[in-house]
Amino acid sequence: MDTVVVKVTGKIFDDQEALRRFVEVVRELARERRVVVVAGGGRAAREAIERAKSIGVSSNYWLDEIGIEASRLNALILVASLQPLSYPGVPRTLGEVMHGLAYSRVVVLGGLVPGQSTAAVLLEVAEAVGAREVYDLSAADYVYDKDPRTNPDARPLKVVEASKLAEWLKAGQVPGDYALLDLRALDIAVRSRITIKIASYKNPGSLIEMMRGGNPGSTVIPE
């Protein structure tokens, strides 16, 4: 049975209608496939990290751990909403993801280890299950050649090579907090020949469109 691997931005948990529609889409997919969802931390993570900082927490290790736990809380919301299809727990390792897939149609997780983005988790899961394409319902509608928040001339890229995007990241042309994909994620995509499709979380139906070969956002090819 094919396994669909998708990441959803934490921002979707602040958009009740988009979140409801996403759950419907996952339920629809799970009729014929297994689905792994990686949930981002979103506002829950940002607010928890800021509270920790306000009382003197400065260690990036602990701040990362707090963000990971926030993403796992978001994952648990999806686990509950997807019952009885979903594995009744939030995996903390790739081994637990594989175990969950042996028993359930849907597995939902958050972050795994400090210093690692949920984009990297997305690609690691894909590598583990043998997926050749992954889907990212992101806070951004496209990958841009520059940060569109500060560059009015930023161009949306319908198709971009993973190696080119990595070059831009290393050169600082695309800020890490905007680039959607970090170097670890891009490295896995290239070495395991995994295509990454990105679209806005505001239209969860884009997931099905991307699976059918469409490109409503940006496609990162493993070149």
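Throughout, residue positions are numbered sequentially from 1 according to the sequence presented. All figures in this text were calculated on a predicted structure; none of them were measured in a lab.
- Defined by atom type and a distance below 3.5 Å, a donor-acceptor pair is present between the side-chain atoms of Ser192 and Glu127.
- A donor-acceptor pair under 3.5 Å links the side-chain atoms of Ser86 to the main chain of Val79, judged by distance alone.
- Between Arg33 and Met211 the shortest side-chain heavy-atom distance falls below 4.5 Å.
- A distance of 9.5 Å separates CG in Leu109 from OG1 in Thr118, rounded to the nearest 0.5 Å.
- Checked by atom type and distance alone, the side chain of Ser218 pairs as donor or acceptor with a backbone atom of Leu157 at under 3.5 Å.
- Considering only heavy atoms from C-beta on, Val4 stays 4.5 Å or farther from Val134 through its side chain.
- Here the CG atom belonging to Leu123 is positioned 9.5 Å from the CG atom belonging to Asp187, to the nearest 0.5 angstrom.
- The heavy-atom pair separating Ala39 from Ser71 by the smallest distance is O-CB, 3.5 Å.
- The backbone N or O of Ala120 lies less than 3.5 Å from a partner atom in the side chain of Ser117, making a donor-acceptor pair.
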Going by atom type alone, with no hydrogens or angles, which donor-acceptor pairs under 3.5 Å involve a side-chain atom of residues 93-100 and a protein atom two or more places apart or on another chain?
from: Thr93; atom 1: OG1; to: Gly95; atom 2: N; distance (Å): 3.4
from: Thr93; atom 1: OG1; to: Glu96; atom 2: N; distance (Å): 3.0
from: Glu96; atom 1: OE1; to: Arg92; atom 2: N; distance (Å): 2.9

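- Of all the heavy atoms in Gln83 and Arg27, the pair that sits closest is O-NH2, 2.6 Å.
- In plain terms, the two heavy atoms of Ile194 and Ala126 that are nearest each other are CD1-CB, 3.9 Å.
- Within the 4.5 Å cutoff, the side chain of Val108 has no heavy atoms near those of the Val90 side chain.
- Asp14 has a carboxylate O that lies under 4.0 Å from a charged side-chain N of Arg43, or vice versa, which qualifies the two as a salt bridge.
- Counting all heavy atoms, side chain and backbone alike, Pro156 lies closest to Tyr144 at N-CD2, 3.4 Å.
- Looking only at atom types and distance, the side chain of Glu209 has no donor-acceptor partner in the side chain of Ser206 under 3.5 Å away.
- Taking every heavy atom of both residues into account, Leu122 and Asp136 meet most closely at CD2-CB, 4.5 Å.
- Contact annotation: the side chain of Phe22 approaches that of Val37 to within less than 4.5 Å [non-hydrogen atoms, C-beta and beyond].
- Scanning all heavy atoms of the two residues, the minimum distance from Glu161 to Val220 falls at C-CG1, 4.4 Å.
- With salt bridges taken as basic N to acidic carboxylate O contacts below 4.0 Å, one links Glu24 and Arg21.
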